[in-house]
Amino acid sequence: MLACGMASTRDRLLAEGMRLFGEQGYASTSVAQIEAAAGLSPGSGSMYKHFRSKKELLAEGMERLLSGGRTPVAQLGSRDPAALAAQLTAAARAGLRRMDEDRDLSRLLFRGLDAFPDLLARFGDGEIGRFHRAITAMLTELAGDGGETVDWAAIAVVLQGATAHYWLLADLFDRHPTGVDEDRFVAAAASLVVALLAGPPSAGPVPAEAARQIHEPTEGTR
């Protein structure tokens, strides 16, 4: 989240609170622990001078994350397979780096964020939904007229899910337990997309919901 060296007290509380939420879970993190981690006297109530509650701290941490950074989808200017594979590899790697930035919240998804349906929904649309729309739009544009019968929105879910699952296991075990490193993973993901675009399967009529998602504008392009 935030570097704590020259950060303000509020920023230190925010950074350390989000880190602790991600590591321990929201319910298991006390105000005193957040204060101590931020260099304040634990139990002094100093946090309440900056945030009315732990939930307010969590909500601001989420908003800072969601308002920062760009959608990590490359501007793909070439359909040459070799160049396209390199660009897609860079896009996949950027997606993993974005999850590094999201680390505290990504961990918190499984450690108590479900207690706050409003914040869970905000993360679902502002982060997961936003990237899904961007990936769907990218695949649809690359496929052109030849991919009209393919459910690119569903394929985007497969790619997005594989990337998130790879990151989560690598984060949990410090390295992916299969031994497949990041370079191999992103190269394989890019190769699959290139192969799919070269000869997309015939999937019949695209479901109405998928068609709506394909044509829905991506955040930042509206």
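A distance of 7.5 Å separates OG1 of T140 from CH2 of W152, quoted to the nearest 0.5 Å.
In the hydrophobic clustering of this structure, V186 does not group with L192; members are Ile, Leu, Val, Met, Phe, Trp, Tyr whose side-chain heavy atoms approach within less than 4.5 Å, directly or through other members. A chain of hydrophobic side-chain contacts below 4.5 Å, direct or via other Ile, Leu, Val, Met, Phe, Trp or Tyr residues, connects M99 to F110. Using a 4.5 Å cut-off between side-chain heavy atoms of Ile, Leu, Val, Met, Phe, Trp and Tyr, with links allowed through other members, I135 and V194 fall into the same hydrophobic cluster. Residues Y48 and L58 share a hydrophobic cluster, clusters being chains of Ile/Leu/Val/Met/Phe/Trp/Tyr side chains in contact below 4.5 Å. Under the 4.5 Å side-chain heavy-atom criterion for Ile, Leu, Val, Met, Phe, Trp and Tyr, L57 and L66 are members of the same hydrophobic cluster.
The one candidate from F123, F21, F116 that meets the side-chain contact (heavy atoms from CB on, under 4.5 Å) condition with L108 is F21. Put simply, the residue from M18, E60, R98 that forms a side-chain contact (heavy atoms from CB on, under 4.5 Å) with L65 is R98.
Judged purely by distance below 3.5 Å, without hydrogens or angles, the side chains of E35 and S46 never pair a donor atom with an acceptor atom. Looking at E16 and Q33, their side chains never bring a donor and an acceptor atom within 3.5 Å of each other. No side-chain donor-acceptor contact under 3.5 Å links W167 and D102.
T29 places a side-chain N or O within 3.5 Å of a backbone atom of L20 that can act as its donor or acceptor partner. With hydrogens and angles disregarded, no donor-acceptor distance shorter than 3.5 Å links the side chain of K54 to the backbone of I34. Judged by distance alone, with hydrogens and angles left aside, the side-chain atoms of R111 form a donor-acceptor pair with the main-chain N or O of G22 at under 3.5 Å. Formation of a donor-acceptor pair under 3.5 Å by the S44 side chain with backbone atoms of S41 is found in this model. Of the possible polar contacts, one joining the H132 side chain to the A153 backbone as a donor-acceptor pair under 3.5 Å is found.
Taking all atoms of both residues into account, the shortest heavy-atom contact from S106 to L168 is O-CD2, 4.5 Å. Considering all non-hydrogen atoms of both residues, T89 and A187 come closest at OG1-CA, 4.1 Å. In terms of heavy atoms, L40 sits closest to R12 at CD2-NH2, 4.1 Å. For the residue pair L119 and A59, the shortest heavy atom distance occurs at CD2-CB, 4.0 Å. In terms of heavy-atom proximity, P42 sits nearest to A32 at CB-O, 3.6 Å. In plain terms, the two heavy atoms of L14 and G61 that are nearest each other are CD1-N, 3.6 Å.
Ion pairing between a basic and an acidic side chain is recognised when a charged N comes within 4.0 Å of a carboxylate O; D125 and R130 show no such pairing. Comment: E101 does not engage R97 in a salt bridge, judged by the lack of any side-chain N to carboxylate O separation of less than 4.0 angstrom. Under 4.0 Å is where a charged nitrogen must lie from a carboxylate oxygen, and between D181 and R175 no such pair does.
The closest side-chain heavy-atom distance from L142 to L84 is below 4.5 Å. Side chains of L88 and M138 form a contact here, defined as non-hydrogen atoms less than 4.5 Å apart. Side-chain atoms of L139 and V150, non-hydrogen and from C-beta on, never get closer than 4.5 Å to each other. Between D11 and R64, the closest side-chain pair of non-hydrogen atoms falls below 4.5 Å.
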Kindly indicate, with the supporting measurements, whether the criterion side chain to side chain contact (heavy atoms under 4.5 Å, CB included) is fulfilled by M62 and E127. CA-CA 10 Å; M62 178 180 292; E127 188 76 356; over 6 Å; no

Please walk me through it: do D151 and I155 pass side chain to side chain contact (heavy atoms under 4.5 Å, CB included)? CA-CA 6 Å; D151 188 350; I155 291 173; 5.8 Å; no

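In this structure, R10 forms a cation-pi arrangement with F51, its terminal cationic atom sitting closer than 6.0 Å to the ring centre and no more than 45° off the ring axis.
Using a 30° and 60° split on the angle between ring planes, Y166 and H176 fall in the parallel class, below 30°.
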